[in-house]
Amino acid sequence: MQVYNTQSRKKEELIPLDPPNIRMYVCGPTTYNFIHLGNARPLVFFDTVRRYLEYRGYKVKYVQNFTDVDDKIINRALKEGEEPLKLASRYIEEYFKDADALGVRRADVHPRVSEHIDDIIKAITGLIAKGYAYVVDGDVYYRVEAFPGYGKLSGRTQEEMMAGARVEIDERKENPADFALWKKAKPGEPYWESPWGKGRPGWHIECSVMAVKYLGETLDIHGGGNDLIFPHHENELAQAEALTGKPFVRYWMHNGFITVNNEKMSKSLGNFFLLRDILAKFPPDVVRFYLLSVHYRSPLDFDDGKLTEAGKALGRLKNTRLLACEFIEGGRELEKGLAQDAFIEEVKREKAEFIAAMDDDFNTAQALGHLFNISRLLNSYMAEADKHDELARARVREALHIFEELGNILGIFMEYKEEKEDLWLDLAGIMLDVRQMLREEKNFVLADQIRNCLYELGIVIEDTPEKSRIKAENAPPVEKVMEKVIFIRSELRKNKDYARADYIRDRLKEKNILIEDTREGARWRFAQI
RNA sequence: GGGCGGGUGGCGAAGUGGCUAACGCUGAGGUCUGCAAAAUCUCCAUUCACCGGUUCGAAUCCGGUCCCGCCCUCCA
């Protein structure tokens with residue numbers, strides 16, 4: 001496998017320190033708000049990396065931190081009159097709601113800064129002892145000059161950084177590039193006791209400490225957004241290597257930014273999208289699919305139109321899955337080997353190419369292309385094949401198995417909570433049955449009226465030789481569906497088709513719905529039990 | 001100012017020396033269908049920002065020009 005390493009700026013063969021183990025650390029959010037789309041990209045991408053590495057036989061230990069001690073949290077807590085740590089922990093819970101929705105698996109460890117203050121103090125003490133840090137009036141700074149490799153990740157020299165530096169110069173620092181390991185607490189701020197007085201950790205030290213604590217002195221993969229390269233990861237590296245004397249990370253991976261109308265997403269521009277708001281408009285699998293449809297190192301532009309398009313594209317894949325499931329329904333499992341033929345061979349070729357694409361620096365966009373190819377192969381095969389042929393079913397079963405296996409690496413085949421029990425489906429089913437009767441007696445006018453009624457509710461009917469199927473993006477409210485049912489029944493009565501009108505009434509009764517005909521029209525209610 | 005990355009069809013987006021430049025969306029036509037929908041088939045870039053160069057051969061390598069994004073400040 002090839003992995004692009006930010007530090008060397010080229011793709012390198014992935015060789016873990018201790019195969020088959022892979023130790024992976026990804027920087028998690030600072031929890032002072034709901035996460036936004038920009039947070040979602042690394043989440044989904046590195047979750048996919050993890051799934052793929054596991055698929056390839058690696059044993060992955062995955063750690064993702066929460067920064068729950070930070071100036072932004074303190075400021076926000078101050079405004080809202082809440083305890084900073086409580087606020088942070090509240091948003092950690094909210095974080096999990098969003099991440100779960102996107103199908104992001106929980107990390108093996110989710111360490112929090114607030115629970116590692118002792119480790120951090122120990123690390124800072126060690127850095128001071130080794131001459132890599134110094135104390136100034138309750139603050140502790142990292143001595144950049146003492147670490148010769150400083151700048152090797154972001155690829156810049158200290159002189160270069162000086163050139164365009166906009167950092168205000170703190171006269172107490174030995175060198176303007178020195179950064180805080182420990183910050184003295186101002187009045188009213190939360191603090192922990194330390195050898196240097198009351199204070200809290202600086203921004204970068206927590207990751208070095210927690211990564212080493214849970215994964216060892218050398219990680220295989222360390223990931224995060226592009227913007228973390230400098231200063232965050234540069235500083236993490238400087239701290240960790242100064243302390244351990246070992247290489248901190250073998251492969252640095254960074255994802256590109258999300259833009260909105262080709263502008264960086266930022267609060268000042270007012271083009272900030274909370275994941276929560278997006279998930280209110282689009283299903284989570286569509287969001288996940290969209291994030292993976294562009295190579296992770298490229299910028300990804302966001303707008304509703306693009307997500308709508310992604311929804312259609314993903315719909316193709318999901319439809320294939322549905323068709324294939326229908327095709328193999330009820331069939332027996334055939335022995336392997338029997339099913340081999342040119343079709344299966346082609347599917348396997350696409351699978352091999354999918355894997356080749358993922359092996360090449362996790363090229364999810366290209367991998368998706370091969371998934372679409374399998375989709376087309378399957379659809380074509382099913383269109384030609386006889387679903388009563390056991391052999392054909394066995395082949396479809398095998399192809400579907402491959403299709404789902406690959407889709408699950410990307411995490412785009414989410415199982416929605418079962419809607420089978422939903423009342424609207426029963427109601428639509430009754431309508432469908434009535435429509436079928438009407439079609440059989442060639443009453444297409446009314447049959448089409450039923451289809452249109454359902455369509456207005458967002459329910460699509462597709463007729464096949466065997467049966468008709470119902471699809472809906474979102475479950476329509478029962479009241480709306482009942483409105484249509486009553487309307488159709490009244491049309492039937494107008495046509496003096498009382499048998500069918502009664503049929504509807506009887507079927508509804510089975511579902512505990514009573515119809516009462518009045519002079520003004522019918523009304524309905526749930527039967528008392 | 002310094003550093004990094006990028007400009008591919010109507011749109012999105014892969015491809016980094018040689019197969020017909022993937023794949024998705026959109027559009028056109030055909031098959032299927034009572035009609036639809038879904039599915040399927042065919043078509044839609046002689047061309048990869050521009051100009052030079054290297055090479056038998058370049059979207060892909062080199063040089064230059066123009067444009068865009070990101071980092072250098074909290075940020076995923």
Side-chain angles (χ1 to χ4, degrees), chain A residues 6 9 11 26-30 32 35-46 67 70-72 75 151 154-157 159-168 177 203 223-232 234 254-259 262-268 272 289-290 293-295 297-301 303 305-306 308-317 319-320 322-323 350 353 357 360 363-373 375-376 378-384 438-440 442-445 447-448 451-452 455 460-465 468-469 471:
Chain A
T6 305
R9 287 195 211 104
K11 290 181 195 170
V26 175
C27 283
T30 300
Y32 65 107
I35 62 170
H36 56 262
L37 191 61
N39 295 301
R41 166 116 103 149
L43 274 179
V44 166
F45 172 66
F46 288 108
T67 300
D70 176 88
D71 292 354
K72 291 189 291 294
N75 291 337
S154 52
R156 42 193 118 201
T157 64
E159 295 72 54
E160 282 166 1
M161 285 184 270
M162 286 304 101
R166 281 176 271 165
V167 196
E168 52 191 285
W203 175 37
N226 229 328
D227 55 331
L228 292 182
I229 297 172
F230 189 89
H232 186 55
E234 189 71 63
H254 294 95
N255 62 273
F257 253 63
I258 301 250
T259 59
N262 294 315
E263 278 178 329
K264 181 185 171 177
M265 194 168 77
S266 80
K267 281 178 179 163
S268 52
F272 215 74
F289 174 90
Y290 181 58
S293 68
V294 174
H295 187 94
R297 282 190 277 117
S298 304
L300 180 138
D301 194 53
D303 65 55
K306 284 169 181 158
T308 302
E309 190 186 312
K312 284 183 193 165
L314 177 62
R316 248 180 99 76
L317 299 178
N319 202 229
T320 294
L322 182 83
L323 292 174
E350 292 296 338
E353 294 201 40
D360 184 9
N363 194 333
T364 53
Q366 195 170 52
L368 274 172
H370 296 296
L371 212 52
F372 279 104
N373 287 342
S375 173
R376 184 166 12 79
L378 252 169
N379 290 337
S380 297
Y381 185 80
M382 289 188 288
E384 295 293 313
L438 294 168
R439 288 179 71 209
E440 273 159 20
K442 308 255 188 256
N443 186 348
F444 294 121
V445 177
D448 287 353
R451 183 169 60 196
N452 291 338
Y455 187 77
V460 178
I461 295 183
E462 292 172 7
D463 296 324
T464 72
S468 299
R469 78 175 139 262
K471 283 186 193 163

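Chain letters run A, B, ... following the sequence lines, proteins first and then strands; every chain starts at 1.
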Polar pair under 3.5 Å, donor/acceptor by atom type, side chain Asp301(A), base G12(B): no
Is there a Watson-Crick or G-U wobble partner for U55(B) with both distances under 3.5 Å, and which nucleotide is it? none
Report the residue (Arg316(A) or Lys471(A)) whose heavy-atom-nearest nucleotide on RNA chain B is the more 5′ of the two. Arg316(A)
Contact class for Phe444(A) (heavy atom, under 4.0 Å): base, sugar-phosphate, or nothing? base
Any idea which of A39(B), G24(B), C4(B) is nearest the Arg9(A) side chain? C4(B)
Measuring to OP1 and OP2 of U26(B), would you say a side-chain N or O of Lys312(A) lies under 4.0 angstrom away? yes
Counting only side-chain N and O atoms of Arg297(A), is one of them less than 4.0 Å from OP1 or OP2 of C4(B)? no
Complementary nucleotide of A28(B), counting Watson-Crick and G-U pairs under 3.5 Å: U42(B)
Could you check whether the side chain of Glu309(A) and the base of G24(B) have a donor-acceptor pair of N or O atoms closer than 3.5 Å, going by distance alone? yes
Please measure how far the C1' atom in C51(B) lies from the corresponding atom in C43(B), and state the result in whole Å. 34 Å
Which sits closer to the 5' end of RNA chain B, Arg451(A) or Ala310(A), going by the nucleotide each is nearest to? Ala310(A)
Would you please confirm or rule out a distance under 4.0 Å between OP1 or OP2 of C41(B) and any side-chain N or O of Ser380(A)? yes
Kindly compute the distance separating CG (Asp303(A)) from CD (Glu309(A)), expressed to the nearest 0.5 Å. 9.5 Å
Starting from P on C23(B), measure out to CZ on Phe289(A) and report it in whole angstrom. 14 Å
Taking the same atom, C1', in G12(B) and in C48(B), what whole-Å distance lies between them? 16 Å
It should be established whether Asn319(A) places a side-chain nitrogen or oxygen under 4.0 Å from OP1 or OP2 of nucleotide A39(B). yes
